[in-house]
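So the structure is just underneath, and the comments pick up after that.
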Amino acid sequence: KVRCILVQKIRYVWDSSENKFQKIGVLEDKYSCSDIHSKFGCGFTNNEQAIRKQICGTNTIEVDIVPIWKLLFKEVLNPFYWFQAASISLWVAYSYYEYSFAILTITIISIVVTCFDLRQQSVKLHDLVESHNSVIVTVCPRNADCKEIESRHLVPGDRKS
């Protein structure tokens, strides 16, 4: 069993030789490139792969689709729209209702179009990343036949053919 914690999206693993948590990747800094190749070049056993997966997590990038209410909220907080609100109130105070209505209409259209574009970009980015998370690769573990798996199941040090 491996002890690990996640702090601000950074994973730390318990290093029993030094009796402290260390950031992932630091555990192998002491090896040279040739040491890593000779030690891990043959691939991992299934047990070693399971430990690596537990330590490093899945090999995916998670991109959430931003909800529309969040986009609207962030867009309305933009200082430009605060200026527009001040302009509208100024035009209304001086009885220029046509100008204030025109500014209000253009501002609402601008907010809606911007939120629509941001939402579309968010969905496209999510779909693009999701399609690359499910690529099929061939992995050759130590002392076993090569097998095809999804790229999300790769672990650092896997030997691909």
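Reckoned from all heavy atoms, side chains included, excluding hydrogens, waters and symmetry mates.
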Audit row: I111, L72, side-chain contact (heavy atoms from CB on, under 4.5 Å) steps and yes/no
CA-CA 7 Å; I111 290 172; L72 278 171; 3.8 Å; yes
[X] with [Y], same ILVMFWY side-chain cluster at under 4.5 Å:
| X | Y | value |
| --- | --- | --- |
| Y94 | L104 | yes |
| I103 | I109 | no |
| V113 | L71 | no |
| I68 | V76 | yes |
| F101 | V92 | no |

Is any side-chain heavy atom of I149 less than 4.5 Å from a side-chain heavy atom of I136?
no
Any side-chain heavy atom of W14 sitting closer than 4.5 Å to one from N19?
yes
If you round to the nearest 0.5 Å, how far is [atom2] of [Y] from [atom1] of [X]?
| X | Y | atom1 | atom2 | value |
| --- | --- | --- | --- | --- |
| H126 | Q121 | NE2 | CD | 15.5 Å |
| K70 | C115 | NZ | SG | 13.5 Å |
| Y12 | K20 | OH | NZ | 11.5 Å |
| D15 | R3 | CG | CZ | 11.5 Å |
| Q84 | S89 | CD | OG | 11.0 Å |
| F80 | T114 | CZ | OG1 | 9.5 Å |

If you count the non-hydrogen atoms of other residues, nucleotides and ligands that lie under 6.0 Å from [atom1] in [X], is the total more than 12?
| X | atom1 | answer |
| --- | --- | --- |
| F21 | CZ | yes |
| Y99 | OH | no |
| I61 | CD1 | no |

Heavy-atom pair of closest approach, residues W82 and N78:
CD1-O, 3.2 Å
S122 and I65 have their tightest heavy-atom pair at OG-CA, 3.3 Å
Say whether, by atom type as modelled, one donor and one acceptor occur between the side chain of [X] and the main chain of [Y] under 3.5 angstrom.
| X | Y | answer |
| --- | --- | --- |
| S87 | F83 | yes |
| N59 | S151 | yes |
| D64 | V66 | no |

Answer with yes or no whether the side chains of S110 and Y81 bring together a donor and an acceptor at under 3.5 Å.
yes
Distance alone, cut at 3.5 Å: any donor-acceptor contact between the side chains of T60 and E62?
yes
Kindly indicate, with the supporting measurements, whether the criterion side-chain contact (heavy atoms from CB on, under 4.5 Å) is fulfilled by V135 and E150.
CA-CA 5 Å; V135 174; E150 285 188 348; over 6 Å; no
Once the angle between the rings of W91 and Y96 is folded into 0 to 90°, is it parallel (under 30°), tilted (30 to 60°) or perpendicular (over 60°)?
perpendicular
Test V63 against every option in D127, L125, V123 by the side chain to side chain contact (heavy atoms under 4.5 Å, CB included) rule and name the one that passes.
L125
Salt bridge check: are R152 and E130 linked by an N-O gap of less than 4.0 Å?
yes
